Structures are given as structure tokens and as C-alpha cells.
Trainee: 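To start, I am sharing the structure in question, which I have written as C-alpha cells.
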Amino acid sequence: MATVSLREAKDKLSELGHRAEAGERIIVTRHGKPAFELVPTQKKGGLDLEAGDRWLLARGLKRPVIWMADDFDDPLPEDFLLHPLPEKK
């Protein structure tokens with residue numbers, strides 16, 4: 001992890017940007033004290049289910065059975081919120 005002064009960061013922003021894109025974390029200081037960091041962005045994505053499977057297999061565990069109703073994301077009836085919920089007995 002590199003440390004640069006704010007003045008140096010202003011002069012070399014393009015170079016520091018390339019270094020951050022390559023994965024390096026750079027601390028920028030003001031008057032010798034850390035002010036902020038330049039960090040690489042993290043890629044966005046969903047769950048890595050394959051990594052989860054590998055983790056479970058490495059521990060001798062089975063993958064849980066995941067079930068979702070076929071109509072899970074179907075629209076609700078128009079009067080869904082108009083009817084009160086049944087009372088618990």
C-alpha cells in the first residue's frame with residue numbers, strides 16, 4: 001500500500017488512477033495524516049453459487065434443496081390488500 005501527499009496526488013492523479021485500477025490501494029495524506037484512500041472498484045455481481053457449492057463440498061456437506069413455487073413472482077390479485085387477513089384462532 002503506497003502513501004502519497006495530497007500535492008503529489010494532484011500532480012500524479014492519472015498515474016495513481018492506473019495503479020488503483022490495477023488493484024493497488026493508495027493512501028493520500030494531508031499534513032502527514034491520512035485523509036483518504038484511492039481504492040480499486042469492486043466488481044458488482046450476485047451470489048457465486050458455484051463457490052458456495054465448493055465450500056460445502058470441502059466440508060463434506062450437501063447443498064441444501066432450494067425450492068420456489070412456480071407462481072412466486074406472478075402478480076397478486078387486484079383485491080389482495082382489500083380483504084382482511086383471517087383471524088388467528
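This one's a predicted model, so the numbers in the text were calculated from it and none came from an experiment. The chain is numbered in sequence order, starting from 1.
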Trainee: Can you tell me how far NZ of Lys62 sits from CG of Asp53, rounded to the nearest 0.5 angstrom?
Mentor: 14.0 Å
Trainee: What I'd like to find out is whether the side chain of Ile26 reaches to under 4.5 Å of the side chain of Arg19, using heavy atoms alone.
Mentor: yes
Trainee: Any chain of hydrophobic side-chain contacts (each under 4.5 Å) joining Leu6 to Leu16?
Mentor: yes
Trainee: Using a cut-off of 6.0 Å, state whether more than 12 heavy atoms not belonging to Leu76 lie near its atom CG.
Mentor: yes
Trainee: Taking Arg59 for its side chain and Trp55 for its backbone only, find out whether a donor-acceptor pair lies under 3.5 Å.
Mentor: yes
Trainee: First locate atom CZ of Arg30, then atom OG of Ser5, and finally report the distance between them rounded to the nearest 0.5 Å.
Mentor: 11.0 Å
Trainee: So Pro40 and Arg25, do their side chains get closer than 4.5 Å, heavy atoms only?
Mentor: yes
Trainee: Using the rule that two of Ile, Leu, Val, Met, Phe, Trp, Tyr join whenever any of their side-chain heavy atoms come within less than 4.5 Å, decide whether Phe36 and Val39 are in one cluster.
Mentor: no
Trainee: With rounding to the nearest 0.5 angstrom, report the CD to CD distance, Glu8 to Glu15.
Mentor: 8.0 Å
Trainee: Identify whether Ile27 and Leu38 are in the same connected component of the hydrophobic contact network (ILVMFWY, side-chain heavy atoms under 4.5 Å).
Mentor: no
